[in-house]
A.B. asks: 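Could you have a look at this structure, given as structure tokens, before my questions?
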Amino acid sequence: MCGRYSITTAPEAMRHLFDVETGLNLEPRWNMAPTQAAPVIKLMTEGPARGHRVLAMMRWGLVPSWAKDTDIGVKMINARAETVDEKPAFRGAYRYRRCVIPADGFYEWRTEGKVKQPYRVVRRDRAPFGFAGLWELWEGTGEGSALETFTIVTTDATESIAHIHHRMPVMLFDRDAFATWMGPDKDAAGQLMLPCDPGLVEAYPVDRRVGNVRNDDAGLVEPITPKPKPPKPMQGSLF
DNA sequence: CCAGACGTTGTT
DNA sequence: GTCTGG
DNA sequence: CCAGACGTTGTT
DNA sequence: GTCTGG
């Protein structure tokens with residue numbers, strides 16, 4: 001699945017790749033976590049700019065419009081591609097509010113013996129990409145409580161990373177895919193919800209510090225070389 | 001009809 | 001074990 | 001997703 | 001809001 005990712009791409013490169021203007025001052029994020037505000041590309045749904053692409057900061061964890069409070073969002077950080085067209089929590093967003101979340105890697109944890117080892121999944125060419133996402137507007141009760149939130153669509157893991165984890169986010173690799181995903185044709189968008197070509201991605205182990213959301217620095221994306229096990233002390237004496 | 005859920009992952 | 005915070 | 005808390009009373 | 005369970 002996808003519960004942590006990175007987006008360190010320079011704003012200028014993001015504007016170019018996603019064809020969207022932004023006045024936002026985007027700092028690199030090596031450790032984006034649920035409930036945090038992340039840059040998301042959507043189409044304006046109303047007003048004179050209707051249909052235009054915009055980059056907005058949204059909270060990760062979709063809060064449906066009918067929710068009494070925003071707590072439910074924590075449980076909605078991912079949406080299964082297989083059921084996104086049916087589930088009450090996602091159906092409306094899937095039909096009308098598909099979005100693209102800029103990223104340049106995501107993290108998956110694998111339990112290895114006693115430790116949970118994090119891996120970072122990236123494109124083999126190290127280029128940024130987009131996650132297929134859905135967004136919602138939650139207006140709450142009072143004035144000024146409006147909140148935009150998003151979720152990341154997941155599918156089966158592609159073969160090259162399946163040894164780490166059996167699910168992965170739906171990845172969009174180029175401008176055509178971004179346009180189709182956000183476009184009006186729901187069924188065309190649905191065709192994109194597949195595991196990616198295994199040749200396009202790879203995974204490598206990273207520092208376990210990424211587990212703590214308070215850590216957010218460039219060291220988190222550096223490959224680590226697994227520590228060799230300390231040699232066992234000699235049992236008995238040879239002499 | 002009303003009440004209550006509405007989600008995913010991983011593990012057993 | 002389960003919930004909350006980030 | 002993981003990490004870290006998980007509680008109350010009274011006193012300062 | 002809308003679906004499911006009873």
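Proteins come first, then strands; the chains are lettered A, B, ... in the order of their sequence lines, and each starts at number 1.
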A.B. asks: Do V84(A) and I72(A) sit in one hydrophobic cluster, given that two such residues count as connected whenever their side-chain heavy atoms are within less than 4.5 Å of each other, even indirectly?
C.D. replies: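 Yes; tracing contacts between hydrophobic side chains, which count when under 4.5 Å, links both residues.
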
A.B. asks: From the set dG6(C), dT2(E), dG7(B), return the single nucleotide nearest to any side-chain atom of R91(A).
C.D. replies: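 From the listed options, dT2(E) comes nearest.
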
A.B. asks: Under 4.0 Å, counting only non-hydrogen atoms across every strand here, what does P64(A) touch: a base, just sugar-phosphate, or nothing?
C.D. replies: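 Nothing: the residue P64(A), judged by heavy atoms under 4.0 Å, touches no strand.
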
A.B. asks: Rounded to the nearest Å, what distance is computed from the CD atom of residue E108(A) to the C1' atom of nucleotide dC2(D)?
C.D. replies: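 The distance from CD of E108(A) to C1' of dC2(D) comes to 13 Å, rounded to the nearest Å.
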
A.B. asks: Pick base, sugar-phosphate or nothing for T151(A), based on heavy-atom distances below 4.0 Å to the nucleic acid.
C.D. replies: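 Contact class for T151(A): none.
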
A.B. asks: Quick one: label R80(A) by what it contacts on the DNA or RNA (base, sugar-phosphate, nothing), any heavy atom closer than 4.0 Å.
C.D. replies: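 Touches sugar-phosphate only.
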
A.B. asks: For dC6(B), is there a stacking contact with W66(A), counting only centres under 5.5 Å and planes under 30°?
C.D. replies: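 Yes; centroid distance and tilt both under limits.
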
A.B. asks: What's the closest nucleotide to the A33(A) side chain, out of dG6(C), dT9(B), dC3(E)?
C.D. replies: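 From the listed options, dG6(C) comes nearest.
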
A.B. asks: Output the single nucleotide from dT8(B), dC1(D), dC3(E) whose closest atom is nearest the side chain of K87(A).
C.D. replies: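 Side chain of K87(A) sits closest to dT8(B).
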
A.B. asks: Show every ring-ring contact (aromatic ring centres under 6.0 Å, His included) that has at least one partner inside residues 6-36 of chain A, sequence neighbours left out.
C.D. replies: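 Non-adjacent pairs meeting ring-ring contact (aromatic ring centres under 6.0 Å, His included): F18(A)-F178(A).
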
A.B. asks: Starting at atom CG of D71(A), determine the distance to atom P of dC3(C), rounded to an integer number of angstrom.
C.D. replies: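 The answer, rounded to whole Å, is 12 Å.
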
A.B. asks: Taking atom P of dT8(B) as reference, at what distance in whole Å does atom OH of Y94(A) sit?
C.D. replies: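 After rounding, the reported distance stands at 14 Å.
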
A.B. asks: Would the distance check show the side chain of E21(A) and the main-chain N or O of R53(A) forming a donor-acceptor pair, the cut-off being under 3.5 Å?
C.D. replies: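 No; zero donor-acceptor contacts below 3.5 Å.
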
A.B. asks: Should K116(A) be listed as having a side-chain N or O under 4.0 Å from OP1 or OP2 of dC2(D)?
C.D. replies: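 So the side-chain polar atoms of K116(A) do come within 4.0 Å of the phosphate oxygens OP1 or OP2 of dC2(D), strictly under.
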
A.B. asks: Does Y94(A) have R98(A) sitting over its ring (NZ/CZ under 6.0 Å from centre, angle to axis within 45°)?
C.D. replies: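 Judged by the rule, R98(A) and Y94(A) form a cation-pi pair.
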
A.B. asks: At 4.0 Å (heavy atoms only), tell me whether Y5(A) reaches a base, stays on the sugar-phosphate, or touches nothing.
C.D. replies: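 The answer is nothing, as Y5(A) stays clear of every strand by at least 4.0 Å.
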
A.B. asks: In whole Å, measure the gap between the P atoms of dA5(B) and dC3(C) for me.
C.D. replies: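 One P to the other, the span is 13 Å.
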
A.B. asks: I want to verify a distance call: between dG6(C), dT2(E), dT8(B), whose nearest atom is closest to the T83(A) side chain?
C.D. replies: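 The nucleotide sitting nearest to the side chain is dT8(B).
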
A.B. asks: Check whether any side-chain N or O of N31(A) sits under 3.5 Å from a backbone N or O of V210(A) as a donor-acceptor pair, and report yes or no.
C.D. replies: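 At least one qualifying donor-acceptor pair exists.
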
A.B. asks: Return the pairing partner of dT8(D) with a 3.5 Å limit on both distances, Watson-Crick or G-U wobble; otherwise return none.
C.D. replies: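 The base-pairing partner of dT8(D), which may sit in any strand shown, does not exist here.
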
A.B. asks: Report the distance from atom CZ of R29(A) to atom C1' of dC1(D), rounded to the nearest whole Å.
C.D. replies: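 Spelled out: CZ on R29(A) to C1' on dC1(D) is 14 Å.
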
A.B. asks: Round to a whole Å and report the spacing from CD1 of I77(A) to P of dT4(C).
C.D. replies: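 Answer to the nearest Å: 16 Å.
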
A.B. asks: Between N212(A) (CG) and dA5(D) (C1'), how many Å, whole number?
C.D. replies: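 For the pair N212(A) CG and dA5(D) C1', the rounded distance is 14 Å.
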
A.B. asks: Base, sugar-phosphate, or nothing for T154(A), non-hydrogen atoms under 4.0 angstrom?
C.D. replies: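 If one applies the 4.0 Å heavy-atom cut-off, T154(A) turns out to touch the sugar-phosphate alone, with no base involved.
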
A.B. asks: Could you tell me if the ring centre of Y5(A) sits under 6.0 Å from that of W60(A)?
C.D. replies: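 Yes - the distance between ring centres of Y5(A) and W60(A) falls below the 6.0 Å cut-off.
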
A.B. asks: What nucleic acid atoms does A67(A) come within less than 4.0 Å of, heavy atoms only: base, sugar-phosphate, or nothing?
C.D. replies: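 No contact.
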
A.B. asks: Considering Watson-Crick and G-U wobble pairs with both distances under 3.5 Å, what does dA3(D) pair with?
C.D. replies: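 WC or wobble partner is dT4(C).
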
A.B. asks: Pick the P atom in dT11(B) and in dC1(D), then give their distance to the nearest Å.
C.D. replies: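 These two P atoms come out 10 Å apart once rounded.
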
A.B. asks: If you check the W109(A) side chain, which of dC2(D), dG6(C), dT8(B) turns out closest?
C.D. replies: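 Of the options given, the side chain of W109(A) lies nearest dC2(D).
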
A.B. asks: When hydrophobic residues are tied together by side-chain contacts of less than 4.5 Å, even through go-betweens, does V170(A) share a cluster with V122(A)?
C.D. replies: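 The answer is no; the residues belong to distinct hydrophobic clusters.
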
A.B. asks: Round to a whole Å and report the spacing from CZ of R59(A) to C1' of dG5(C).
C.D. replies: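 Nearest whole value for this atom pair: 11 Å.
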
A.B. asks: Tell whether T35(A) reaches the base of dG6(C) with its side chain through a donor-acceptor pair below 3.5 angstrom.
C.D. replies: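 Checked by distance alone, the answer is yes.
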
A.B. asks: For atom C1', what is the distance between dC6(D) and dT8(B), given to the nearest Å?
C.D. replies: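 Taking atom C1' in both dC6(D) and dT8(B), they lie 24 Å apart.
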
A.B. asks: Using atom C1' of each nucleotide, how far apart are dT9(B) and dG1(E) to the nearest Å?
C.D. replies: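 Result for the C1' pair: 27 Å, nearest Å.
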
A.B. asks: In whole angstrom, give the distance that lies between atom CD of Q36(A) and atom P of dT4(C).
C.D. replies: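 Roughly 18 Å, once rounded to whole Å.
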
